[in-house]
Amino acid sequence: MSPFHILPTADNGFIFTCFEDHVNGQPGTEDFQTAIIKTDSQGNLEWRHTWGGDSTKNIGSWVVPLNDGNYLYAWTDCYYSGYLGQHNNLGTIRFAKFNINGNIIWHKNMLNYIPHGRSYEISQMEIMPDGNIAIVGINGIEGLLLKIDQGANYLWHRELMPPNLSLEENTASYQYMKIMGVTFTSDGGFALAGEYFSAPGGDIFPDGFQSAYIYKLDEHGCYEPNCDVGVE
């Protein structure tokens, strides 16, 4: 079990999110599950929910409190490798709304709004000053900034690479831009911190490259003005 996030609750307890690797001895038969666990103030288990069990990797989970007193849980369910030997074409970001007693109110997902079948990972999910929710992470290769409302309804998303570098320009065998954290600026925009990595052998970085990046984006998630024009 690997924990991701811990949130104190109104009853002085805690909600943990975690990733569980259930290995049963044979390559390609692992079950990678995501879980939310509620404890009291002393760490005693009160309830738990898990999702997964289908040999896909359910990871990157996060939980935030909602204005109506309930909670929103987000996780991802896409994983691919030669070791598992399969690809989850429905991989996306998924949500569950629940109350403090562990009752699930609804489930939603982003299948119709962001490209599916990618290895999404969530690094952070935070309530924005306008009451909406920002989610950052990675969509397999590119950095991700996703904005939803408190009903997990899609508002917009942005896919990020280092400035002046596209996926097609670098021929390295492996590269990624992962957004690790988000905060909100006084002008209504976003400040993001992330990591770019390129394996050796590419045209642009033949010796490989790894660096931290900081993005300052406007209220539409744009690095350059008007990136939201024509984007739903």
Side-chain angles (χ1 to χ4, degrees), residues 1-7 15-22 30-37 49-64 72-84 86-96 107-127 133-148 152 154 156-162 167 172-183 190-199 210-215 217 221:
M1 178 182 294
S2 298
F4 276 99
H5 185 215
I6 181 172
L7 181 75
I15 294 173
F16 298 83
T17 74
C18 63
F19 151 60
E20 299 177 334
D21 184 355
H22 297 262
E30 296 80 6
D31 289 330
F32 298 90
Q33 300 181 7
T34 186
I36 46 175
I37 298 172
H49 290 290
T50 61
W51 288 272
D54 53 3
S55 295
T56 57
K57 190 174 183 180
N58 295 256
I59 61 172
S61 52
W62 206 270
V63 61
V64 292
L72 183 66
Y73 181 61
W75 74 99
T76 64
D77 72 338
C78 182
Y79 183 76
Y80 172 79
S81 76
Y83 185 63
L84 286 179
Q86 71 174 57
H87 187 70
N88 176 14
N89 290 319
L90 297 181
T92 188
I93 297 176
R94 301 183 181 273
F95 302 96
H107 291 94
K108 293 186 179 181
N109 64 64
M110 292 286 108
L111 278 171
N112 294 328
Y113 304 101
I114 59 178
H116 56 267
R118 299 186 182 183
S119 294
Y120 287 97
E121 294 183 28
I122 297 171
S123 300
Q124 188 177 359
M125 179 168 69
E126 294 292 335
I127 303 292
I133 298 171
I135 298 172
V136 296
I138 187 172
N139 72 2
I141 296 178
E142 296 167 302
L144 176 71
L145 170 61
L146 170 66
K147 183 176 180 179
I148 60 173
Y154 173 88
W156 50 256
H157 80 283
R158 305 287 179 255
E159 296 174 333
L160 303 166
M161 288 291 286
L167 292 175
S173 60
Y174 180 58
Q175 64 176 321
Y176 65 81
M177 179 77 233
K178 184 175 183 179
I179 305 301
M180 304 299 294
V182 58
T183 190
F190 303 82
L192 309 178
E195 174 203 11
Y196 175 75
F197 171 83
S198 175
Q210 185 176 27
S211 182
Y213 276 83
I214 296 176
Y215 292 84
L217 308 179

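Position 1 is the first residue of the sequence; numbering continues from there.
For the atom pair Glu121 CD and Ile93 CD1, the distance stands at 10.5 Å (nearest 0.5 Å). Atom CD in Gln210 sits 5.5 Å away from atom OH in Tyr176 (nearest 0.5 Å). If you take CD on Glu159 and CG on Leu144, they are separated by 7.0 Å, rounding to the nearest 0.5 Å. Taking CD1 from Ile135 and CD from Glu126, the interatomic distance works out to 10.5 Å, rounded to the nearest 0.5 Å. With rounding to the nearest 0.5 Å, the separation of CG in Leu192 from NZ in Lys178 is 14.0 Å. For the atom pair OG of Ser61 and CZ of Arg94, the computed distance is 14.5 Å after rounding to the nearest 0.5 Å.
The shortest heavy-atom contact between Ile148 and Leu146 is CG2-CG, 4.0 Å. Here the closest non-hydrogen pair linking Ala172 and Ala199 is CB-O, 3.4 Å. Contact between Phe95 and Trp75 at its shortest, heavy atoms only, is C-CZ3, 3.7 Å. In this structure, Tyr120 and Thr76 approach most closely via the heavy-atom pair O-OG1, 2.8 Å. Residue Ile138 comes nearest to Met177 through the heavy atom pair CG1-O, 3.7 Å, listed as atom of the first residue, atom of the second, then distance. Here the closest heavy-atom approach between residue Leu145 and residue Gly221 is recorded as CD2-CA, 4.1 Å.
Checked against side chain to side chain contact (heavy atoms under 4.5 Å, CB included), Ser211 has the following partners two or more places apart in sequence or in another chain: Phe209, Tyr213.
Counting only heavy atoms from C-beta outward, the side chains of His157 and Tyr113 never approach each other to under 4.5 Å. In this structure the side chain of Tyr215 reaches within 4.5 angstrom of the side chain of Pro162, judged on heavy atoms. Ile133 places none of its side-chain heavy atoms less than 4.5 Å from the side chain of Trp62. Under the 4.5 Å side-chain criterion, counting only non-hydrogen atoms from C-beta, Met180 is not in contact with Val136.
When each of Ile15, Leu72, Ile6 is tested with Val63 by the rule side chain to side chain contact (heavy atoms under 4.5 Å, CB included), just one qualifies, namely Ile15. Considering Ile36, Leu7, Thr34 in turn, Ile36 is the only one that fulfils the side chain to side chain contact (heavy atoms under 4.5 Å, CB included) rule with Thr17.
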CA sep, side-chain torsions, deciding dist, call: Ile114, Asn139, side-chain contact (heavy atoms from CB on, under 4.5 Å):
CA-CA 9 Å; Ile114 59 178; Asn139 72 2; over 6 Å; no
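Checking side-chain atoms of Ser123 against main-chain N and O of Ile179 turns up a donor-acceptor pair under 3.5 Å.
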